[in-house]
Amino acid sequence: MKNKKTLVIGATTKPERAAFKAIEMLVAKGNSVLALGQNTGEIAGIKINTKAIPVKNIDTISLYINPSRQKEYYNYIIEAKPKRVLFNPGTENPQFYQLLELNNIKYEVACTLVLLTLNKY
């Protein structure tokens, strides 16, 4: 599996949360990971940023925030020009799908954890 530079938006230090597990699994499978969340902390050696930092060469952005919170990140995500955006369960957002399509950014409604487990990430 090749390294896919991934930005996780909605990162948290709560081990029971899917975003936490996804970061752990992404790192374990050899992916470069950046994390953005509401609170600082660290997961599997990855520092959680609380401010949207400039990013380049992002393969995947994995969303763990609900659609109403996504709005503040629309421009940030589009400007990052990822190859794809993953909408994990509970983050589905048809309005954002349209914006991504207009900017030629692919998206998938899929669970990062399932994709990683099935080696389809």
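All figures in this text were calculated on a predicted structure; none of them were measured in a lab.
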### Query
Just how far is it from atom CD1 of I77 to atom CD of E72, taken to the nearest 0.5 Å?
10.0 Å
## Note on the structure
Which of I58, N57, L7 passes side chain to side chain contact (heavy atoms under 4.5 Å, CB included) with P82? Answer is I58
### Message
Any non-hydrogen side-chain atom of K29 less than 4.5 Å from a side-chain atom of L116?
### Response
yes
### Query
Are I78 and I53 co-members of a hydrophobic cluster defined by side-chain heavy atoms under 4.5 Å apart?
yes
### Message
For a quick test of reading the model, state the closest non-hydrogen atom pair linking A35 to A11 and the distance between them.
### Response
CB-CB, 3.7 Å
### Query
Is it true that I43 and L113 fall in one hydrophobic cluster, defined by side-chain heavy atoms closer than 4.5 Å?
yes
### Message
What verdict does the side chain to side chain contact (heavy atoms under 4.5 Å, CB included) test give for T13 and I48, after you've listed the backbone C-alpha separation in whole Å, the side-chain angles of each residue and the deciding distance to 0.1 Å?
### Response
CA-CA 9 Å; T13 56; I48 299 173; 3.8 Å; yes
### Query
Would you find a donor on one side and an acceptor on the other, under 3.5 Å apart, between the side chain of E92 and the backbone of G90?
yes
### Message
Does atom CD (E16) have a neighbourhood of more than 12 heavy atoms from anything else shown, all under 6.0 Å?
### Response
yes
### Task
Tell me whether I9 is reachable from M25 by hopping between hydrophobic residues (I, L, V, M, F, W, Y) whose side-chain heavy atoms are closer than 4.5 Å.
no
### Working for side chain to side chain contact (heavy atoms under 4.5 Å, CB included), residues F20 and K14
CA-CA 7 Å; F20 181 96; K14 295 177 182 171; 5.9 Å; no
### For A110 against P89, the heavy-atom pair lying closest together
O-CD, 4.4 Å
### Query
How long is the gap from CD on E24 to CD1 on I46, to the nearest 0.5 Å?
11.0 Å
### Task
Examine Y64 and V33 and state if one hydrophobic cluster contains both, with Ile, Leu, Val, Met, Phe, Trp and Tyr joined whenever side-chain heavy atoms are less than 4.5 Å apart.
yes
### Query
So, N93 and Y107: side-chain donor and acceptor under 3.5 Å apart, yes or no?
no
### Any donor-acceptor N or O pair under 3.5 Å, side chains T6, Y121
yes
### Task
Carefully, step by step, assess L100 and K106 under the rule side chain to side chain contact (heavy atoms under 4.5 Å, CB included).
CA-CA 7 Å; L100 293 170; K106 294 179 182 172; over 6 Å; no
### Task
Indicate whether any N or O donor in one side chain lies under 3.5 Å from an N or O acceptor in the other, for T60 and R84.
yes
### Straight-line distance of T117 OG1 to K21 NZ, nearest 0.5 Å
11.0 Å
### Query
Transitively linked via ILVMFWY side-chain contacts under 4.5 Å: I61 with L115?
no
### side chain to side chain contact (heavy atoms under 4.5 Å, CB included) assessment of L26 paired with K4
CA-CA 9 Å; L26 283 161; K4 293 191 175 177; over 6 Å; no
### Message
Within a 6.0 Å radius of atom CD on E42, are there more than 12 heavy atoms belonging to other residues, nucleotides or ligands?
### Response
yes
### Message
Whether the side chain of N49 engages the backbone of K51 through a donor-acceptor N/O pair (distance < 3.5 Å, no angle test) should be reported.
### Response
no
### Query
Do the side-chain N and O atoms of N103 and K81 include a donor-acceptor pair separated by under 3.5 angstrom?
no
### Query
Between the side chains of T112 and N88, does any donor sit under 3.5 Å from an acceptor?
yes
### Query
Any side-chain donor-acceptor pair under 3.5 Å between Q95 and Y74?
yes
### Task
Indicate yes or no for a side-chain donor-acceptor contact from K5 to the backbone of N31 under 3.5 Å, with no hydrogens or angles considered.
no
### Backbone N/O of F87 and side chain of E108: donor-acceptor pair under 3.5 Å
no
### Query
With a 4.5 Å heavy-atom cut-off, do V85 and L63 have their side chains touching?
yes
